[in-house]
Amino acid sequence: MLDTAKHLKVAVDAERGTMSKNVEQDVAFIRALADLLKESELTEIEVKREYADNDELEVRLSRAATPAPVYNHMPATGPALHALAPVAAAPETPAKSTEPDLSNALTSPMVGTAYLAAEPGAEPFVKAGDTVTEGQTVLVIEAMKTMNQIPSPRAGTVRQILVANAEPVEFGHPLMIID
């Protein structure tokens with residue numbers, strides 16, 4: 001098994017080209033940054049630490065951003081969870097899915113709050129059945145007090161709007177279906 005502390009120490013020493021008296025502190029610092037990255041929604045952390053005598057440490061940690069899973073139902077809780085009914089035989093023909101086809105879904109490029117209109121009481125940017133052009137603003141997502149216009153990725157027809165006005169959205173959350 002790889003000794004992470006020793007591996008990090010060697011990597012830090014190799015990066016500096018010298019042996020530093022701060023290596024153990026640097027390893028602890030890098031571990032703390034990695035833990036912060038793992039516990040938060042951040043995808044990247046970059047830090048530069050300067051010491052005396054032209055000694056410094058630059059660290060960049062990143063991970064691939066993965067879209068949050070979308071759940072459309074609440075799991076069963078309480079006594080009903082333990083008292084399951086016998087499972088009936090599967091029907092001959094598969095039932096049609098009530099889930100919308102998300103293959104043409106416009107997804108959220110960020111975490112924020114989705115707004116379907118430019119301001120309260122105004123007409124929505126688009127409604128189901130509207131024809132849109134590529135680049136046309138179809139909704140706004142507020143993130144960090146900034147209003148970000150979300151354009152249509154293609155020309156087509158808005159088949160279904162999957163979010164409500166002022167609904168919080170995550171990265172990758174389906175917003176609307178445009179065919």
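Keep in mind that what you see is a predicted model, and the values were worked out from it rather than measured.
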Establish whether [X] and [Y] are linked, either directly or via other cluster members, by ILVMFWY side-chain heavy-atom contacts under 4.5 Å.
| X | Y | answer |
| --- | --- | --- |
| Ile178 | Leu162 | no |
| Phe171 | Met110 | no |
| Ile177 | Ile141 | no |
| Val163 | Met176 | yes |

CE on Met147 to OG1 on Thr113, rounded to 0.5 Å: 8.5 Å
Gap between atom CG of Leu139 and atom OH of Tyr115 - 0.5 Å precision: 12.0 Å
Option among Ile161, Val140, Val138 that satisfies the side-chain contact (heavy atoms from CB on, under 4.5 Å) test with Leu116: Ile161
Cut-off 3.5 Å, no hydrogens considered: what does the side-chain donor-acceptor table look like for residues 121-134, sequence neighbours left out?
unit_1: Asp130; atom_1: OD2; unit_2: Lys127; atom_2: N; d: 2.8

Note, Leu106 side chain near Pro153 side chain (heavy atom, < 4.5 Å):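 Yes, side chains in contact.
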Closest heavy-atom pair and its distance - Ile150, Pro109: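 For Ile150 versus Pro109, the nearest heavy atoms are CD1-CG, 3.8 Å.
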Results of side chain to side chain donor-acceptor pair (under 3.5 Å) for Arg159 - residues two or more places apart only: Asp179
Contacts of type side chain to side chain donor-acceptor pair (under 3.5 Å), residue Glu167, not counting sequence neighbours: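 Glu167 satisfies side chain to side chain donor-acceptor pair (under 3.5 Å) with no residue once adjacent residues are dropped.
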